[in-house]
Amino acid sequence: MNFTEGLNEAQIQAVTANAGPVLILAGAGSGKTKTLTHRIAYLIGNKNIWPNQILAVTFTNKAAKEMRERLAGLLNQANTRGFMPWMGTFHGICVRLLRQDGHAIGIAANFVIYDEDDRQGLIKQAMKSVGITDSNIKPKSVSGMISTAKNEMIGPDEFAQTATYPFQQSVAKIYHEYERMRREAGALDFDDLLLETVRLFREVDDVRRKWQRQFVHILIDEYQDTNAAQYAIVKQLVGPERNICVVGDDWQSIYSWRGADFKNILNFERDFPGALVVKLEQNYRSTGAILEAAHNVITKNVQRTDKKLWTAEGAGSPVQVHELYDEAEEARLVASRISSQVAIGARQPDDYAVLYRTNAQSYIMERALLQARVPYQIVGGVRFYDRKEIKDIIAYLRLIYQPNDRMSFSRIANVPGRGVGSTSLERFMIWQSRTGMDIIEALVRVQEADGLTPRAKNSLGKLGEILDGFRVLDREPSQIIEELLERIGYLNYLRDGTPQAEDREENVSSLVSDAKTFAALPEFLEEVALMTSADEAKGQPSVTLMTLHAAKGLEYPVVFMVGLEEGIFPHSRIHDAGPSELEEERRLCYVGMTRAREELHISYAASRLQFGQRGYNPPSRFIADMGNAVAAVEQQSDQYMDDFPEAVAYDINDRVRSAQFGTGTIVDIDGLAVTVLFDSGQSKKLNVEYARLERA
């Protein structure tokens, strides 16, 4: 079969490369996913490699799903269920490896997976257990330190040896106790999935060799984003034939803060001598002007590979740079340009993305878009599986699956309310731990417990009866959920008369619908645990607002990058962290710029309100880095204020009348907000969009 049709020369070289190590340096918009997919199809269709002999690692479940569907199309595979069984994320693949062989290092096959909320909850319990009550030690901070340590493969004993300051020593104690309690609960957190897989391969040679034989070819996407543990897993799985193909772009490595090490891709040729290196430099996304400006920025970095993206589609419009008075004027510019183009039918709202360095910058943009009546969505809001009602039901399911899961029990013990106090729960957990029974069995036999009131025993016993009825997992997940909802009265619990009750009930209904696509509870729980925000479905067509970090992997016809000022972007921390931090900020700028297909707008403000103070920062150095590929735009108020006539209709000292407060004088103007000193002596800050002021 011909799997090279429609590919350029570099892509064909990457797809048809012989056995041995291959490094594909894939620039932004160069068709890396297409190339990787066609290479897998080529191995299966032309080299007679079985799908289950290929390990293909992506960084999101969404990417794995899309690649599997593309691959099925190329190979005329009608049914994708069970197809490419070893295609998925590092975490998802490690779950499967540990389920099968984790027993070799003492990990039971029915371990549960703790998410971040679970980890912080267990950290709170660990702090209490070791007697640490310092209000300055926050579970979230401890969780971050433990996660960083695990990503660097540092266990609690080694962490304790290097802890010199009192805070670090406290974290070391918590880390040690957290690990003890986690193991006792039969749970692994996300970092453990990687760490324990590394340990499995290091300690059990037979298991490692078994999987080396299994995976004849290994392909890794986004290799520049691998951390130390992921890198170790890859190195351990590569067999003597060295059939490893990695795809990535060090220019787009922007996740060092969560453990990613772009040097892994820079060192690939050192790790695998004789590797074939293929550069994908033809860009199929952006105009020539956008690519030129982005190239001018990224080539200021010292630590990088060498390549030059080009396009056959022509130069297009220059990158436009807008200088604004303040952040409010910047937001009005963006909102007005979008609303005017949508109004005349030239574009749709979802053609646009607004990118910023920090989440704190979104508020002013949201307000401007609301006032311009432009629909928008914020990427990074509360996702479906993080909503309380969903986490409640998932906690019930996890406890049913793993009856030693203390975190899940702690969450649902009083949900819906059962009148069991915290003291009773603590006494029950102490008793349960002493008896050696799992939690469900202990609930069923709670009448044997000492120190509990009759009311507490009665409530906990009823819960035990309900949970014990689900011990045999012989039903589909959706059926389990529906029966559980009925038996615990959860829907009645949600119907509390608040405006949000209907939404919560709809969310639970959606969970049941989602569960119907799974045949067994373990599969469903794993999918839920491994879900990421990148896997969430989009809503109605709307402008996308998000941080530059969240924009990785996405593209839009028109991109606005706002807030390009020194101290904002690049971030002020570059002055403390040194050159490496500045280089990462520059890579982040490159990522943002290369999200744009047709138009790229860069903006900066002469002044900006931050942390309650108005600052005056110079334009970002990245604008100067862009060189001649940009065009400065002279701003005239009437170019973008048409949608906000009231905002420019007033001056300080104008007399105005309010139906509510009477007559007064404008003493300050801040965008659409005016401060009026009324004749009654009251001073009010009003939004002219809604205050219905009239001239007096």
Check: [Y] main-chain N/O paired with [X] side-chain donor or acceptor under 3.5 Å:
X    : Y    : answer
R357 : I568 : no
Q230 : N227 : yes
N617 : E566 : yes
K173 : Q169 : no
R608 : E327 : no
S143 : P139 : no
K279 : G27  : no

Practice task
Only one of R119, R182, K150 passes salt bridge (charged side-chain N to carboxylate O under 4.0 Å, His left out) with D191; say which it is.
Solution key: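 Of all the options given, the one that passes is R119.
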Problem - Sequence-distant partners of S256, side chain to side chain donor-acceptor pair (under 3.5 Å), two or more places apart - result: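 Listed in chain order: E584.
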So how far is it from [X] [atom1] to [Y] [atom2], rounded to the nearest 0.5 Å?
X    : Y    : atom1 : atom2 : answer
I146 : H176 : CD1   : NE2   : 12.0 Å
T544 : Y556 : OG1   : OH    : 3.5 Å
F90  : I220 : CZ    : CD1   : 4.5 Å
I137 : I174 : CD1   : CD1   : 5.0 Å
E585 : N301 : CD    : CG    : 11.0 Å
M561 : L600 : CE    : CG    : 6.5 Å

Problem - Geometric cation-pi criterion R304 and Y590, 6.0 Å radius, 45° cone - result: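 Geometry flag: not set, cation outside 6.0 Å or 45°.
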Handout entry: Intermediate values then yes/no, side chain to side chain donor-acceptor pair (under 3.5 Å), D326 and S607
Key = CA-CA 5 Å; D326 61 13; S607 71; 5.2 Å; no
Ring pair (Phe, Tyr, Trp, His ring centres under 6.0 Å) partners of [X], counting only residues at least two apart:
X    : value
Y231 : none
H571 : none
Y114 : none
Y376 : none

What I want to find out is whether [X] reaches [Y] closely enough, with some N-O distance under 4.0 Å, to be called a salt bridge.
X    : Y    : result
K32  : D249 : no
K307 : D250 : yes
E222 : K552 : yes

Exercise for the section: Kindly determine whether H295 and W251 satisfy side chain to side chain contact (heavy atoms under 4.5 Å, CB included), including the steps that lead there. Expected result: CA-CA 10 Å; H295 183 81; W251 294 8; 3.9 Å; yes
If you look only at distance, which donor and acceptor atoms sit under 3.5 Å apart when one is on a side chain in residues 283-290 and the other is two or more places apart or in another chain?
unit_1	atom_1	unit_2	atom_2	d
N283	OD1	R285	N	2.7
N283	OD1	S286	N	2.7
N283	ND2	A28	O	2.5
Y284	OH	N8	ND2	2.8
Y284	OH	Q282	OE1	3.3
R285	NE	E555	OE1	3.0
R285	NH1	T594	O	2.7
S286	OG	A596	O	2.6
T287	OG1	I290	N	3.4
T287	OG1	A315	O	3.4

Practice task
Determine, step by step, whether E598 and R347 satisfy the salt bridge (charged side-chain N to carboxylate O under 4.0 Å, His left out) criterion, reporting the C-alpha distance in whole Å, the side-chain angles of both residues, the deciding distance to 0.1 Å, and the verdict.
Solution key: CA-CA 12 Å; E598 301 164 22; R347 293 201 183 272; 2.7 Å; yes
Exercise for the section: Please assess T305 against Q224 for the test side chain to side chain contact (heavy atoms under 4.5 Å, CB included), listing each intermediate value before the final yes or no. Expected result: CA-CA 12 Å; T305 56; Q224 77 282 349; over 6 Å; no
